[in-house]
Amino acid sequence: MTPMNSALAHINPSLKLSTHLVIMILLMMTSDPRTTCLLWLLAVSTGIVFGGWRLHYLVKRLLPYLLFFVLTFWMLAAFGKGETLLWQWGWFHITQEGIQHGLTIAMRMYAFVTYSLLFTSTTDVSEFIMSLIHQCHLSPKWAYGLLAGLRFVPLFQSELQQMKAAHKIRGFQRKNWREAFIRYTLPLLTQGIRRAERVAIAMEARGFTGSKTRTYYATPQIKKKDYSYSAILLLFTLIIQLLSWQLHWLTWSWQ
Amino acid sequence: MDRISVTQKNIPPHLGCKNLSVWFPEQVDATLQNVTLSIAKGEKVLFLGPSGCGKSTLLSVLSGLIPKHIDADVKGTVYGAEQCGVMFQDPDTQFCMLRVDEEIAFSLENRAIPRQRMDDLIHEVKETVGLDIPGHTMIQSLSGGMKQRLALACLLALEPDALFFDEPTAQLDPAGQQEVFQCLHDYSVKSDKTFIFIEHRLDGLIEWMDKVFLFDASGSLVAAGNPKDILTTYESAIDKAGIWKPQLFPATWNDVVAQEHHPISLRLTQAVHHCAHNAPSTPGPTPLFEVTDLELGYGDSPIMREISFTIEQGEWVTIIGKNGSGKSTLLKALARLTKGKAEHLTFMGKELNRWSEKQLYERLGFVFQNPEWQFVTQTVYDEIAFAGKLRDWPAAKLKKTTERLLKTFHLEQVANQHPFTLSQGQKRRLSVATMLLLDQQALLLDEPTFGQDARTTAELMKKLKERKQRGTAIIMVTHDMNSVSYYAERVLLLAGGHLQFNGRPHDLFSNTHLCAQYDIIPPLGYPLIQARKTRADNQEEQGGNRAHDSHEFSFSTH
């Protein structure tokens with residue numbers, strides 16, 4: 001079982017995304033590391049149970065962010081403000097509030113990454129865009145344009161690499177980042193515009209007008225199982241919040 | 001008689017134009033001038049002309065892209081078809097979906113075909129074009145030839161009266177080219193639709209065209225008629241314009257095989273003779289490159305392993321193989337642009353990794369597939385002088401060398417222009433010229449003649465040959481077997497992650513077994529000699545009973 005053919009891959013993309021966004025908003029409102037950690041664990045277990053995540057996949061995808069986690073935590077914990085001083089040396093000024101704050105922010109960031117991954121690793125791009133047309137009433141003009149554009153992202157990457165290699169051979173040394181930016185973006189952009197123009201002409205030549213008077217090959221719908229996924233995930237979120245409220249852990253960001 | 005012609009004049013043609021001129025915004029000269037032509041229903045026609053003559057513009061006008069989707073001023077009368085389909089040259093920029101079925105369905109969706117009819121229609125067009133793959137296959141995983149098959153399926157889903165093809169095989173390798181022409185020919189036999197072609201390489205196409213329209217560089221129609229007449233009557237004009245000529249047509253394969261003194265036969269056998277007597281370079285004291293047990297690739301699955309070969313100083317070596325066989329990766333490894341695993345690679349007797357960047361690229365130049373990538377300055381002059389300026393050459397020496405290169409590569413006229421504003425051929429020449437200022441010992445080129453017209457290709461090869469005679473080694477990745485047989489002293493064949501052949505081009509092309517195994521289409525002279533031999537054997541055996549050579553070569557003539 002891979003993420004792309006897991007149970008989660010068959011959930012309507014728009015509903016899946018909105019459910020995850022609701023939880024992410026809730027995460028922003030919560031300023032307690034323990035609750036945040038529980039919400040993060042919820043994402044990980046959803047991924048393992050429904051999303052076809054395997055251990056090595058988790059390690060490969062989430063471990064790189066651990067460095068950010070540690071950095072964020074350290075920055076906020078070591079230099080943060082607070083009343084209850086635990087340890088002080090030089091510029092380092094470690095307080096209980098600082099640690100609390102650092103843990104929350106780092107944990108929140110980690111949970112954001114995990115919920116995003118839960119969506120992207122189990123969602124097919126074209127299905128997502130079709131779902132945006134049908135569930136979110138995105139205009140076909142934008143939706144198909146977006147789909148056509150997405151195909152070129154890998155091309156951009158390989159072109160940038162080729163160009164860097166070419167400049168290396170020529171011995172071209174850029175003086176600063178601004179010059180480098182112009183040097184690389186100009187050819188990439190001209191190439192990109194030319195390509196976009198060609199795609200647009202090809203699409204129009206095949207009778208694409210961007211209007212809504214068209215039929216659809218794939219029409220994603222919201223079914224009972226989609227609602228159940230959303231309901232179960234939100235229910236668990238509610239349980240976690242209630243639990244931490246009961247244990248007097250829960251504090252809100254504005255408190 | 002008179003009455004008939006009068007009636008014909010009054011009926012508008014199926015497709016055509018009368019006194020048509022086209023101007024693009026911000027251009028003074030008309031791209032097309034006063035063109036009048038008509039195409040009958042079901043005709044298969046070819047527009048022929050030098051690059052930039054406006055044939056593409058004419059195709060866009062007839063197919064309705066101009067002025068509906070592309071901005072231009074049009075004067076004159078246009079008779080367009082009701083529903084058209086256009087196939088473009090770049091397989092990647094004519095799709096907008098990710099999977100095969102979705103892409104065909106896109107055509108149907110635009111026509112507002114009800115969903116329940118779509119599956120049958122998709123199945124039908126896929127069968128027509130011979131696209132026998134699952135519908136959820138990702139388009140990006142298809143070969144170039146398959147992509148163009150898919151493009152045809154998408155056009156047929158529009159149910160057009162006329163099909164337009166704007167260089168449909170220009171971006172494909174020879175095997176893909178053959179595949180697409182064969183597919184189009186098969187379809188044309190069973191279809192009554194009108195076909196209008198613009199094409200670069202004519203072998204495999206011109207044989208089944210009904211009519212050819214010939215244009216000159218200024219965008220005027222020079223002549224129209226059947227392919228044979230046009231190609232014979234206007235041969236010198238076609239040569240002068242730098243248009244690729246078919247290798248055989250109007251002669252046929254059987255004629256050439258039968259007549260030993262046929263001019264084409266003489267030319268082809270001479271080319272084989274030339275290739276057979278192309279003496280290999282004698283090994284010098286230190287080889288230029290020495291590669292032992294090279295392994296290339298990412299992660300656990302190397303795309304290439306156990307690659308060992310040497311390249312002598314001043315040698316001309318070509319690397320061939322199918323798309324995706326790793327030719328370009330190997331070439332890049334020689335220039336240290338990709339790092340290999342367990343690499344044992346020496347350049348001029350010193351391990352490649354030990355060279356400093358500056359010293360290495362003083363001795364070794366690399367020409368990329370897309371010339372634009374390697375331009376770093378604002379004018380053509382600076383572009384060539386760049387490497388010298390970087391090394392603080394004295395002004396007089398820099399000026400002299402730069403001017404000499406500008407002259408050799410015919411770029412003096414455009415010396416003050418921005419490199420991006422040059423024509424395709426000029427850009428290609430400039431990209432080679434920039435790599436020669438330092439008198440590099442080795443020049444590595446990644447498909448430098450790909451998509452270039454006959455004249456640019458010939459000029460470029462001539463320049464490289466001159467360079468080789470002055471001692472520069474040429475190492476080139478290419479699909480063009482004629483240039484391999486004519487110029488190369490050695491050929492390296494990559495397939496299945498291994499080096500399958502390392503030797504003289506003549507030995508490779510003479511080995512029919514090896515060529516068949518790796519889908520190599522040798523220059524025409526080789527099958528010609530082979531066919532003659534079989535023919536002679538048959539005659540001997542059957543005492544003059546003339547066995548016919550089948551038509552199997554009619555499409556393998558690239």
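These numbers come from a predicted model, not from an experiment.
Salt bridge absent: B:R99 and A:E127 never bring a charged side-chain N and a carboxylate O closer than 4.0 Å. Between B:E372 and A:R194 there is a salt bridge, since a side-chain N of the basic residue sits under 4.0 Å from a carboxylate O of the acidic one. Under a 4.0 Å N-O distance rule, the pair A:R206/B:E103 qualifies as a salt bridge.
With chain A as partner, the option from B:L364, B:T377, B:V367, B:L390 having the largest number of non-hydrogen pairs under 4.5 angstrom is B:L390. Counting heavy-atom pairs closer than 4.5 Å to chain A, the top-ranked of the candidates B:A387, B:S107, B:P114 is B:S107. Of the listed residues (B:I139, B:L98, B:L155), the one with the most heavy-atom contacts under 4.5 Å to chain A is B:L98. Looking only at heavy-atom pairs under 4.5 Å with chain A, the residue among B:K358, B:Q83, B:R391, B:M97 that has the most is B:M97. Chosen from B:Q140, B:K68, B:M87, B:K332, the residue pairing most often with chain A at heavy-atom distances under 4.5 Å is B:K332. Contact count against chain A (heavy-atom pairs under 4.5 Å) is highest for B:E109 among B:E109, B:R111, B:Q374. Interface summary for chain B: among A:R170, A:H167, A:M163, the most heavy-atom pairs under 4.5 angstrom belong to A:R170.
Proximity to chain A (any heavy atom under 4.5 Å) is restricted, for B:L108, to the backbone atoms N, CA, C and O. A:F152 touches chain B through its side chain: at least one heavy atom from C-beta onward sits under 4.5 Å away, while N, CA, C and O do not. Contact of B:Q94 with chain A is made through backbone and side chain together, with heavy-atom distances under 4.5 Å. The contact between B:D101 and chain A is made by backbone and side chain atoms together, counting heavy-atom distances below 4.5 Å. Contact of B:F366 with chain A is made through backbone and side chain together, with heavy-atom distances under 4.5 Å. Of the two parts of A:T219, neither the backbone nor the side chain holds a non-hydrogen atom closer than 4.5 Å to a non-hydrogen atom of chain B. Of the atoms belonging to B:E102, heavy atoms from both backbone and side chain fall under 4.5 Å from chain A. Of the atoms belonging to A:K168, heavy atoms from both backbone and side chain fall under 4.5 Å from chain B. Contact of B:F164 with chain A is not made at all, since no heavy-atom distance falls under 4.5 Å.
Aromatic ring centroids of A:Y217 and B:F106 lie 6.0 Å or more apart.
In this structure, B:N110 and A:M203 have side chains that are not in contact, with every pair of non-hydrogen atoms separated by 4.5 Å or more.
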Stepwise side-chain contact (heavy atoms from CB on, under 4.5 Å) test for B:V86 and A:I201: CA-CA 10 Å; B:V86 191; A:I201 289 169; over 6 Å; no
Stepwise side-chain contact (heavy atoms from CB on, under 4.5 Å) check, B:R115 with A:T215: CA-CA 7 Å; B:R115 174 66 184 85; A:T215 49; 5.8 Å; no
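If you run side chain to side chain contact (heavy atoms under 4.5 Å, CB included) between B:N370 and each of A:Q191, A:Q162, A:E159, only A:Q191 comes through.
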